[in-house]
Amino acid sequence: MGRRDHSDSSSITMAATDHIFALIDCNNFYASCERIFNPGLEKKPVVVLSNNDGCIISRSNEAKALGIPMGAPLFEMQALIKKQEVKVLSSNYALYGDMSQRVMATLMEFSPDIEIYSIDEAFLSLNGFEHKNMTDYAQTIRATVKQRTGIPVSIGIGATKTLAKVANKAAKKNSAWQSVFDLVNHPYVDEVLEKMPVENVWGIGRSLSKTLNRHGVLNALQLKNLPDTWIRKNMTVVGHRLAWELRGISCLPLDMVVPPKKGIMCSRSFGKPVTALEGLKEALSNYTTRAAEKLRSQNSLAGLIMVYITTNPFNDMPYYSNAVTFSLPFPSANTAVLIRHAHQIMEKIYKDGYAYKKTGVFLSGIVPDNQMQRDMFVKEPDLVREKKLLRAVDAINYQFGSDTIQYASSGMIKPWRMKQAYRSPRFTTRWDEILTVKI
DNA sequence: TCTGGGGTCCTAGGACCC
DNA sequence: TCTGGGGTCCTAGGACCC
């Protein structure tokens, strides 16, 4: 997300001048959001689960201290959770999305140049603020976010985005720094890099760290000092950029405008397996509706639609998965059209006799909805009317809650719906679930 | 018997991120 | 019993063209 699209992918574009980047990162974001509305969670181990209550995807510091790993399946942790009285919550994305917007709105007051990198992270450019004490300024940002939203953040400052990431990790690690670390005005950058394991560097994943370790590269400083030729050969242009960033040469600019998505995915695991074609089509209708909404919200049309189904890959039942892509006669953002094609694909890939765990739809071949390719051999629908209708439906669903108006093929009972046994109320986005205070 | 080479476009798959 | 979802970028290799 948020990466620059280099026209020549094998080249490295360097920044002309010195930069100051700050990376602001919400601490244990989902767990922190839950705490704000439920003070009973304060100082207690808290974990938030993935969709369908499958894995642990956010942990409070207390939960981390108990040794609960990121991404652990819930059932593997049940004994520990019970013994240590860990508080467990299903994920509540309506709440997290809304809290994220509040945090980002606050950050924007501290610099006009901001890149919202993910739901819980943003880069700020602090160019032009050189006259200020960076650490003090960052502490002010931190205090303001905390006061307005209740969310604790950590801030790392560096000459490149990658160094700001390094600084952010350092800020979290050493409590003496009070969640702020400035690597621009730090005399011993190399010492900090030397203490950072290479697998913790932004952009170094499992595979690359294995290769690097094999060549004796264990920390970020060693990576920084590798010969360019070796890096280019073994780590492609991505690794090359990364090493330069560690050397303080900015190659990853701040992306302030959000480019439209090139692909839109919507998929969910089922609460319980689905065997019948009708159930799969019903779930698929719902997911296609969501995907089409996302498509319209960025004023795009999709030219390709892919549908896939899969059984559970983890158990030893007979496994089956399949996916088929279909090229639409002309690009569309019309939910009804997309559902019709999605269903046709589903009928093709469905095989009787399997217990399906998941289905999903992926829309790609994205084009802006105002410069659609005209195909003179295909009869076009009345696009203006269609757009008006869809906008009206979107507006109603936005105001009164999604699925206020829904397609009949989406079903009413939805027995396949994902598990959310521990979900907190949508405090900030639903009037009927707003927080009440008893006096 | 001899059997080119270079360019572009597209796709699948891998790797990474949060 | 129980294992998330949604993105981006890069490269290699095949198809196709001249």
To the nearest Å, how far apart are [X] [atom1] and [N] [atom2]?
X	N	atom1	atom2	answer
A/M235	C/dC10	CE	C1'	13 Å
A/H240	C/dC9	NE2	C1'	17 Å
A/N28	B/dC18	CG	C1'	14 Å
A/Y96	C/dG5	OH	P	15 Å
A/R268	C/dT3	CZ	P	15 Å
A/F314	C/dT3	CZ	C1'	4 Å
A/L74	C/dG4	CG	P	11 Å
A/L212	B/dA15	CG	C1'	13 Å

If the cut-off is 4.0 Å, is A/K165 near the phosphate of B/dC18, judged by side-chain N/O to OP1 or OP2?
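Answer yes for this pair, as a side-chain N or O of A/K165 is under 4.0 Å from OP1 or OP2.
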
What contact category does [X] fall into here, base, sugar-phosphate, or nothing, at under 4.0 angstrom with non-hydrogen atoms?
X	result
A/K210	nothing
A/K272	nothing
A/G71	nothing
A/E121	sugar-phosphate
A/D53	nothing
A/V201	sugar-phosphate
A/D120	sugar-phosphate
A/L49	nothing

Closest to the [X] side chain: [options]?
X	options	value
A/T236	B/dC18, C/dC10, C/dG6	C/dC10
A/V237	C/dG4, C/dT11, C/dG6	C/dT11
A/C55	B/dC16, C/dT3, C/dG6	C/dT3
A/W202	B/dC17, C/dG4, C/dG6	B/dC17
A/K261	C/dC10, C/dT8, C/dG4	C/dT8
A/K358	B/dC18, C/dG5, C/dC2	C/dG5
A/P73	C/dG4, B/dA15, C/dT3	C/dT3
A/S269	C/dT3, B/dC17, C/dG4	C/dG4
A/S267	C/dG6, B/dA15, C/dC10	C/dG6
A/R206	B/dC18, B/dC16, C/dG4	B/dC16

In this structure, are over 12 heavy atoms from other groups packed under 6.0 Å from A/Y93 atom OH?
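Result for OH/A/Y93: enclosed.
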
Using Watson-Crick and G-U wobble pairs whose two distances are both under 3.5 Å, how do you write the pairing of DNA chain C as dot-bracket, with | for links to another strand?
....||||||||||||||

Nearest 0.5 Å please: distance from the CG atom of A/L89 over to the CD atom of A/Q420.
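It is 11.5 Å, given to the nearest 0.5 Å.
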
Are the side chain of A/R59 and the backbone of A/I68 linked by a donor-acceptor contact shorter than 3.5 Å?
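Checked: pair present.
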
Write down the distance separating the P atoms in B/dT3 and C/dC18, rounded off to the nearest Å.
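One P to the other, the span is 24 Å.
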
Can a side-chain donor-acceptor contact be found between [Y] and [X] if the only test is distance below 3.5 angstrom?
X	Y	result
A/K169	A/N200	no
A/S58	A/N28	no
A/S285	A/S409	yes
A/N334	A/S332	no
A/N92	A/S424	yes
A/S269	A/N52	no

Quick check: closest heavy atoms across A/I309 and A/Y350, and the distance to 0.1 Å?
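Of all heavy-atom pairs spanning A/I309 and A/Y350, the closest is CD1-CA, 3.9 Å.
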
What pair of heavy atoms forms the shortest contact from A/I20 to A/N127, and how long is it?
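Taking A/I20 first and A/N127 second, the nearest heavy atoms are N-OD1, 2.8 Å.
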
Before you tell me yes or no, could you show the steps for A/Q101 and A/Y96 under side-chain hydrogen bond (donor to acceptor under 3.5 Å, both in side chains), namely the whole-Å CA-CA distance, both residues' side-chain angles and the distance that decides it to 0.1 Å?
CA-CA 9 Å; A/Q101 281 185 26; A/Y96 312 149; over 6 Å; no

Judged by each residue's nearest nucleotide on DNA chain C, which is more toward the 5′ side, A/F362 or A/N312?
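Residue closer to the 5' terminus by nearest nucleotide: A/N312.
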
First encountered from the 5' end of DNA chain C, between A/K294 and A/S50:
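Nearest nucleotide further toward 5': that of A/S50.
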
With the threshold set at under 4.0 Å for non-hydrogen atoms, list the residues of residues 82-90 of chain A touching DNA chain C in residue-number order.
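Nothing qualifies; none.
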
